[in-house]
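Reviewing the structure listed below.
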Amino acid sequence: MKGAFIINGTAETYTFGPADTMLSVLRKNGHAEVKSGCGKGECGICIVLLDGKPVNSCQVLAASVIGREITTVMGIGNFRNLNPIQEAFVEAGGVQCGYCTPAKVVVTYSLLRENPDPSDADVRNALDGNICRCTGYVKILDSVKLAAKKLSGGTDD
Ligand code: FES
Ligand code: FES
């Protein structure tokens, strides 16, 4: 089957099978920025935004979201044009091996759009289900708080 999606603001048409997940379809079509982990909806490594809301893309059938908007980390910022959230993850040390970082940036983007000044508990809640195998959640929390400061126009030092 074929289906068109709006990926990071651009219409893209892909061919896929009825049982293919959004994660596999994205990765097969060059969106390697969406990482693959457990495949069971448990690690959160594969999170993208579906119509602006975070979802585990390994749990979404591509056929069920034809025509909808999907945002990956590359739709938030890229190597040439980092989003302040990505800058904050680099500056505050939230990028360790980096494998979980794309999903963390996506979740942070969604959180800060809805809640520009989150408490530590808000951040922990938002990132719940988005596992970092490197541990070190303190720096990830610091990164989200720094991102909030940057986006609100506060100082980042
Ligand atoms: Fe999707 Fe783990 S790969 S939740
Ligand atoms: Fe390594 Fe999170 S930075 S898995």
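As the structure lists them, so they are numbered: ligands from 1, and atoms in each ligand from 1.
- Taking only non-hydrogen atoms, the option from C46, A103, G129 nearest to atom 1 (Fe) of ligand 1 is C46.
- Across V25 and F16, no two heavy atoms sit closer than the pair CG2-CB, 3.6 Å.
- The nearest N, O or S atom of C97 is closer to atom 1 (Fe) of ligand 2 than 2.8 Å.
- For ligand 1 and G41, the ligand atoms under 4.0 Å from any heavy atom of the residue are 4 (S).
- Of all the atoms in ligand 2, the ones that sit under 4.0 Å from a non-hydrogen atom of C100 are 2 (Fe), 3 (S), 4 (S).
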Is there a side-chain hydrogen bond (donor to acceptor under 3.5 Å, both in side chains) between D117 and S152 once you walk through the steps? CA-CA 8 Å; D117 186 23; S152 69; over 6 Å; no
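- Here the closest non-hydrogen pair linking N81 and Q86 is O-OE1, 4.5 Å.
- Between V105 and T108, every side-chain heavy-atom pair lies at or beyond the 4.5 Å cut-off.
- With 2.8 Å as the limit, C134 counts as an N, O or S neighbour of atom 1 (Fe) of ligand 2.
- Close contacts between ligand 1 and G39 involve ligand atoms 2 (Fe), 3 (S) [criterion: under 4.0 Å to a heavy atom].
- Close approach to E42 involves these atoms of ligand 1, each under 4.0 Å from a residue heavy atom: 4 (S).
- Not one N, O or S atom of C58 sits under 2.8 Å from atom 2 (Fe) of ligand 1.
- For K35, no heavy-atom contact with ligand 1 is shorter than 4.0 Å.
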Between Q59 and M22, is the side-chain contact (heavy atoms from CB on, under 4.5 Å) condition met? List the steps. CA-CA 8 Å; Q59 298 299 295; M22 199 65 239; over 6 Å; no
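- Contact atoms of ligand 1 toward G44: 2 (Fe), 4 (S) (distance under 4.0 Å to a heavy atom of the residue).
- Under 4.0 Å is where a charged nitrogen must lie from a carboxylate oxygen, and between E114 and K53 at least one such pair does.
- Among protein heavy atoms, atom 4 (S) of ligand 2 sits closest to R133 N, 3.3 Å.
- Expressed to the nearest 0.5 Å, how far OG of S57 lies from CD1 of I70 amounts to 8.5 Å.
- Residue contact check: G37 has heavy atoms under 4.0 Å from atoms 3 (S) of ligand 1.
- Checked options E69, R68, E12; the residue passing with I6 is E69 (criterion: side chain to side chain contact (heavy atoms under 4.5 Å, CB included)).
- Within the 4.5 Å cutoff, side-chain heavy atoms of Y137 are placed close to those of I131.
- Angle SG(C38) to atom 2 (Fe) of ligand 1 to SG(C43), rounded to 10°: 100°.
- Residue G98 has at least one heavy-atom neighbour below 4.0 Å for each of these atoms of ligand 2: 1 (Fe), 3 (S).
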